[in-house]
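Scroll down for the structure; my scribbles are underneath it.
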Amino acid sequence: MLPKVILHIATSLDGRITGFPADLELYYTLAAQWNPDAILFGSETVLAAARDNPALEVPPEHEEMFRPPHGLPDPRPLLVIADSRGRVRCWDAIRKWPYMRDVLALCSSSTPQEYRDFLRDGKIAAMVTGDDHIDVRTALDMLNRDYGVNTIRVDSGGTLNSVLLQAGVVDEVSVLIHPFLAGGIPDPTMFDPHKAGFMDLQVPLQLLKSEVLGTGILWLRYSMKKT
Ligand SMILES: NC(=O)c1ccc[n+]([C@@H]2O[C@H](COP(=O)([O-])OP(=O)(O)OC[C@H]3O[C@@H](n4cnc5c(N)ncnc54)[C@H](OP(=O)(O)O)[C@@H]3O)[C@@H](O)[C@H]2O)c1
């Protein structure tokens, strides 16, 4: 069975997903409401975060408050990173994030053996699907079957978003439009089928809800339009 898949994206009014002061507190507060069992990152998203913050530190000041009392099931989500090319090396830092219960790498048959050994030596669980890249549908099915993931939130850029949309596995697209014109170049974007290798992909959506929040941020939630 496939889990419920939600793409959650913060953008500026001119469609930039980087280079503007996103309201991260609001982003994560809203993100928590789906109570996801897992969060999915694309490798580029992790590498961009690592470039911006080489230590990839999230202040673990009150780390204990995130941990369930001894003996109780851990309600924190699993952090899943799609990385068939084996480029993410900062797993140790990520594993220290107090918001996640554990980490999992998604690999494919083309993932270098050296990287699979690296994951094994670091005791990082890995799941192998697909040939060139990961097969997202199979990976989601396995996450549900083997890790009990019923809801997964995707915090990624337009490449992985497009792959998931192309595979027809997305239930909801959630967009937080900030009152800010960021300028710069239109890359990366929230939807980039060109980078994902699906040149002609277009996705009709149906508005579920719209809300104006806090400092004029527009929260739009869409489902896939039935054709
Ligand atoms: N504002 C926001 O809400 C927000 C949220 C998240 C990220 N971002 C920004 O988005 C940017 C990154 O976005 P991005 O689009 O460049 O990258 P991305 O979506 O984070 O990563 C690309 C992922 O797509 C996978 N992929 C590519 N083609 C595929 C295919 N045909 N089948 C299966 N998987 C495939 C890649 O896997 P492999 O290459 O490993 O095979 C990789 O894991 C960063 O700058 C980040 O800061 C913004």
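Both ligands and their constituent atoms are indexed starting at 1 by order of listing.
- In terms of hydrophobic clustering, with Ile, Leu, Val, Met, Phe, Trp and Tyr side chains grouped at heavy-atom distances under 4.5 Å, Leu26 and Ile177 are assigned to different clusters.
- Ligand 1 lies under 4.0 Å from heavy atoms of Ile9, Ala10, Ile17, Thr18, Tyr27, Gly42, Ser43, Glu44, Thr45, Ala48, Ala82, Asp83, Ser84, Arg85, His133, Ile134, Asp155, Ser156, Gly157, Gly158, Thr159, Leu160, Val163, Pro188, Lys195, Ala196.
- Listed here is the closest heavy atom pair of Ala196 and Val163: CB-CG2, 3.7 Å.
- In terms of hydrophobic clustering, with Ile, Leu, Val, Met, Phe, Trp and Tyr side chains grouped at heavy-atom distances under 4.5 Å, Leu208 and Ile9 are assigned to different clusters.
- Under the 4.5 Å side-chain heavy-atom criterion for grouping Ile, Leu, Val, Met, Phe, Trp and Tyr, Met224 is connected to Ile152 within one hydrophobic cluster.
- Of the possible polar contacts, none joining the Asn161 side chain to the Phe191 backbone as a donor-acceptor pair under 3.5 Å is found.
- Classified by interplanar angle (parallel below 30°, tilted 30° to 60°, perpendicular above 60°), the ring pair His178/Phe20 is perpendicular.
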